[in-house]
Amino acid sequence: MRLFVGDDWAEDHHDIELMDSSGRRLAKARLPEGVAGMARLHAMIGERLGETDDEDVEVLVGIETDRGPWVAALVAAGYTVLAVNPLQAARFRDRLGVSGAKSDAGDAHVLADMARTHSHELRPVAGDSAEAEAVKVVARIHKTLIWERTRHTQRLRHALRDYFPAALVAFEDLDAADTLELLAKAPTPARAARLTIAQISGALTRARRKNIAEKASVIQAALRAEHLGQPEIVADAYAASVQAIIAVLTVLNTQVKTLQGQVETHFGQHPAAEIILSQPGLGLVLGARVLAEFGDDPDRYACAKARKNYAGTSPITRASGKKKVALARFVHNDRLIDALLAQAFAALKASPGARAYYDRQRARGAGHNAALRQVANRLVGIFHGCLKTGTLYDETTAWSHHVTSAAA
């Protein structure tokens, strides 16, 4: 017997529908988030299963997420949890009606019906280890804070361009410790022009810069040069906003550094760390990001192609009539593709095979991004093979097929 559950979750509740193999609704309810809601869900399922003598029972749950304590509890209960992409659910909902109507209860029905009719095509929630989940938590927040730092740095750049263009000439890295210290001390053009060599040199020394005397002179000259500006009252207003951004960036720098240590610690404790670090272009942080997004469930990817498809590095084919074209995948895990492209770029120096493969793609007319994506796609296949066989990366073995093909 198979029982199908549609679980449409919101911030504080879950709309549930139970369905049998014929598509008949057995029960529906709105359950609260937490232990009480989970207990009621188990009771609902238990009542239906108690009506049958069939000992071979499977419960399939369709839900639009693959993480969180609720999902973990479903997996722990022995249910097969199917993670449904919200875009898939929306397309499926359109098949059942064209009115455009939408409700949480209706979405629960759609998810239950998808679990009933398309369970073979839906992705079960990966059974990742606790070690991999820990890596995912710290690696994701570490990357998120880096993105936030970039956003705030751009806000700082735009503000300085509006009232203090000399700062953009004087400082190369706006999120660097010495830059933030000097801008916090002198956030207006008038105050910056009064900075002494000793003050500038002190900030550079604390930031562990080289050629301090030369750099201090260049910075002072740039800050004292003539530039277009704003009235004093406007400059003071900008200075107040800039100091707020500087305070945020200072905290972000500290927390990014702290979390990097956590990422390295958790990743170093994972059994697959040695194999991952043997891959060209992967270090502790980038390797942790790749592990976090791929997970470590040994049965999640049936083959290298399945891993490549999930990674978003493999192309998609659009064929209609006599026209056939291969295109890049635009629906993908942004965090994973970001890490894999960074790995591919680093591998151009670390791996002769990767460099030769990239050069061949460019010789065929591929642009830089397309060629780099193909390198990333090949590296994902190599990564999959190493994990499956439990072997470290070997340059000769990894690229032997492509070397032979090129020679032929």
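Position 1 is the first residue of the sequence, and the numbers go up from there. What you see below is based on every heavy atom in this structure, not just the backbone, and it leaves out hydrogens, waters and symmetry mates.
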Could you measure the distance from the [atom1] atom of [X] to the [atom2] atom of [Y]? Nearest 0.5 Å is fine.
{"X": "Lys305", "Y": "Asn309", "atom1": "NZ", "atom2": "CG", "answer": "4.5 Å"}
{"X": "Arg30", "Y": "Asp8", "atom1": "CZ", "atom2": "CG", "answer": "8.5 Å"}
{"X": "Leu156", "Y": "Phe164", "atom1": "CG", "atom2": "CZ", "answer": "10.5 Å"}
{"X": "Ile200", "Y": "Arg209", "atom1": "CD1", "atom2": "CZ", "answer": "13.5 Å"}
{"X": "Thr153", "Y": "Arg155", "atom1": "OG1", "atom2": "CZ", "answer": "10.0 Å"}
{"X": "Ile245", "Y": "Arg157", "atom1": "CD1", "atom2": "CZ", "answer": "12.0 Å"}

[X] side chain vs [Y] backbone, donor-acceptor pair below 3.5 Å:
{"X": "Gln220", "Y": "Leu195", "result": "yes"}
{"X": "His384", "Y": "Val380", "result": "no"}
{"X": "Thr258", "Y": "Thr254", "result": "yes"}
{"X": "Glu395", "Y": "Gly353", "result": "yes"}
{"X": "Thr397", "Y": "Tyr393", "result": "no"}
{"X": "Arg2", "Y": "Glu58", "result": "no"}
{"X": "Glu121", "Y": "His118", "result": "no"}
{"X": "Gln230", "Y": "Asp162", "result": "yes"}
{"X": "Arg161", "Y": "Pro165", "result": "no"}
{"X": "Arg191", "Y": "Lys185", "result": "yes"}

Decide if the gap between the ring center of Phe92 and the ring center of His109 is smaller than 6.0 angstrom. no
So Tyr238 and Tyr163, would you call those rings parallel, tilted or perpendicular, with 30° and 60° as cut-offs? parallel
Hey, what's the ring geometry for Tyr301 with Phe294, parallel, tilted or perpendicular (30° and 60° as the breaks)? perpendicular
Show the nearest heavy-atom pair for residues [X] and [Y], with the distance to one decimal.
{"X": "Asp66", "Y": "Ala83", "value": "CB-CB, 3.9 Å"}
{"X": "Met19", "Y": "Leu3", "value": "O-CD1, 3.6 Å"}
{"X": "Gly281", "Y": "Leu286", "value": "O-CD2, 3.4 Å"}
{"X": "Arg289", "Y": "Ala339", "value": "CB-CB, 4.1 Å"}
{"X": "Leu145", "Y": "Leu252", "value": "CD2-CD2, 3.9 Å"}
{"X": "Leu111", "Y": "Asp7", "value": "CD1-O, 3.3 Å"}

For a side-chain contact (heavy atoms from CB on, under 4.5 Å) check, start with the C-alpha distance between Arg40 and Ile16, then their side-chain angles and the critical distance, and finish with the verdict. CA-CA 11 Å; Arg40 288 179 57 187; Ile16 302 294; over 6 Å; no
Side-chain contact, heavy-atom cut-off 4.5 Å: [X] with [Y]?
{"X": "Leu284", "Y": "Val263", "result": "no"}
{"X": "Val256", "Y": "His142", "result": "yes"}
{"X": "Arg307", "Y": "Leu387", "result": "yes"}
{"X": "Thr65", "Y": "Trp9", "result": "yes"}
{"X": "His368", "Y": "Tyr358", "result": "yes"}
{"X": "Cys386", "Y": "Gln279", "result": "yes"}
{"X": "Arg355", "Y": "Lys349", "result": "no"}
{"X": "Ile233", "Y": "Asp236", "result": "no"}

Ion pair check, Lys28 and Glu17, cut-off under 4.0 Å: no
Does this structure show an ion pair linking Asp113 with Arg116, if we count only N-O contacts that are shorter than 4.0 Å? yes
Take Ile219 and Leu204 through the test side-chain contact (heavy atoms from CB on, under 4.5 Å) and record every step on the way to the result. CA-CA 11 Å; Ile219 290 173; Leu204 294 175; 4.2 Å; yes
Qualifying residue, where the test is side-chain contact (heavy atoms from CB on, under 4.5 Å) with Leu74 and the options are Val125, Thr80, Val81, Val5: Val81
What's the verdict on side-chain contact (heavy atoms from CB on, under 4.5 Å) for Asp178 and Asp173, showing C-alpha distance, side-chain angles and the deciding distance? CA-CA 9 Å; Asp178 52 335; Asp173 302 321; over 6 Å; no
Could you check whether Arg378 makes a cation-pi contact with Trp399, meaning its NZ or CZ is under 6.0 Å from the centre of the six-membered ring and within 45° of the ring axis? yes
Decide if atom CD of Glu232 counts as having more than 12 heavy atoms of other residues, nucleotides or ligands within a radius under 6.0 Å. no
Given the rule in the side-chain contact (heavy atoms from CB on, under 4.5 Å) test, do Tyr79 and His42 qualify, once you have shown the distances and angles that lead to the verdict? CA-CA 10 Å; Tyr79 306 149; His42 292 333; 2.9 Å; yes
Determine, stepwise, if the pair Glu33 / His14 fulfils side-chain hydrogen bond (donor to acceptor under 3.5 Å, both in side chains). CA-CA 7 Å; Glu33 179 75 29; His14 293 256; 2.5 Å; yes
